[in-house]
Amino acid sequence: MTERVPILQIGQVLLVSIQTDLDDQSVMLLQDDLAAKVVETGAHGVVIDITAVDIVDSFVGRMLATIASISRLLDAQTVVVGMRPAVAITLVELGLSLGGVRTALTLDKGLRLLEKARAESLGESEPDAAAGPGAGGVVPDAAAGL
């Protein structure tokens, strides 16, 4: 029996921590489980932590991109964190650029990336005063030199 990858909720972010190398069936289950969880929780972000993953094949690489695409269609941004150099090299050698998938070296950086992306998306309709000028937006007074 294939083991399911746990999906944890931290606020409006879902965390998937992959602790073993995945077989094809596990990846397919993860795709289905994660899509259902995004809809169920209304999460705006998904972090996939692959720190413990030593190897990936072309199927797993494509599925990471597919999971990110599905999440994006369900209004959740995806960040893959903890990619080892060997995994990055393998993905490039396989011709998988993971287009549209954001990456970060650590979980902390990945969570901050999602927070920034969320603040920017809210800033289009609701300015976030707490974000400040360094958070991706321009404060009108600062832009005018005031």
So, do I10 and V47 sit near enough that their side-chain heavy atoms are less than 4.5 Å apart? no

Backbone of L22 reached by a side-chain donor or acceptor of S26 within 3.5 Å: no

Within 6.0 angstrom of D75 CG, more than 12 heavy atoms from elsewhere: no

All heavy atoms of A76 vs all of A43, minimum pair found to be CB-O, 3.5 Å

Once rounded to the nearest 0.5 Å, what's the spacing between atom CE of M83 and atom CD1 of I48? 10.0 Å

Between CE on residue M28 and CG on residue D33, distance to nearest 0.5 Å: 11.5 Å

In Å and rounded to the nearest 0.5 Å, what is the OG to CD distance from S69 to Q31? 10.0 Å

How long is the gap from CG on D57 to OG1 on T90, to the nearest 0.5 Å? 10.0 Å

Are V5 and L8 connected into the same hydrophobic cluster when the rule is that any two of I, L, V, M, F, W, Y join if their side-chain heavy atoms are below 4.5 Å apart? no

Do the side-chain N and O atoms of D108 and T106 include a donor-acceptor pair separated by under 3.5 angstrom? no

Is any side-chain heavy atom of R118 closer than 4.5 Å to one of Q12? no

Non-hydrogen side-chain atoms of I50 and V81 separated by less than 4.5 Å: no

Should S17 and Q19 count as side-chain neighbours, where that means a heavy-atom distance under 4.5 Å? yes

Between S71 and V38 the two heavy atoms that sit nearest each other are OG-CG2, 4.4 Å

Check whether L30 and L91 end up in the same hydrophobic cluster, where Ile, Leu, Val, Met, Phe, Trp and Tyr are linked by side-chain heavy atoms less than 4.5 Å apart. yes

OG1 of T103 to CG of L113, rounded to nearest 0.5 Å, is 8.5 Å

Non-neighbouring partners of D54 that pass side chain to side chain contact (heavy atoms under 4.5 Å, CB included), sequence neighbours left out: D21, R84

Indicate the atoms forming the closest heavy-atom contact of G110 with V79, along with that distance. CA-CG1, 3.9 Å

Can you check whether L74 reaches V39 side chain to side chain, under 4.5 Å on heavy atoms? yes

Evaluate V46 against V13 for side chain to side chain contact (heavy atoms under 4.5 Å, CB included), listing each step before the verdict. CA-CA 6 Å; V46 174; V13 174; over 6 Å; no

Establish whether L98 and V87 are linked, either directly or via other cluster members, by ILVMFWY side-chain heavy-atom contacts under 4.5 Å. yes

Are side-chain heavy atoms of L107 and L15 found at a separation under 4.5 Å? yes

Using 0.5 Å steps for rounding, measure from the CZ atom of F59 to the CG atom of L64. 10.5 Å

Given the options E40, H44, K37, L14 meets side chain to side chain contact (heavy atoms under 4.5 Å, CB included) only with K37

So if I apply the side chain to side chain contact (heavy atoms under 4.5 Å, CB included) rule between V101 and each of L96, T66, I67, V80, which one comes out positive? V80

Spell out, as yes or no, whether a donor-acceptor pair under 3.5 Å connects the side chain of E120 to the backbone of L122. no

Testing the basics here: between G82 and D49, what is the closest heavy-atom pair and its distance to 0.1 Å? CA-OD1, 4.3 Å

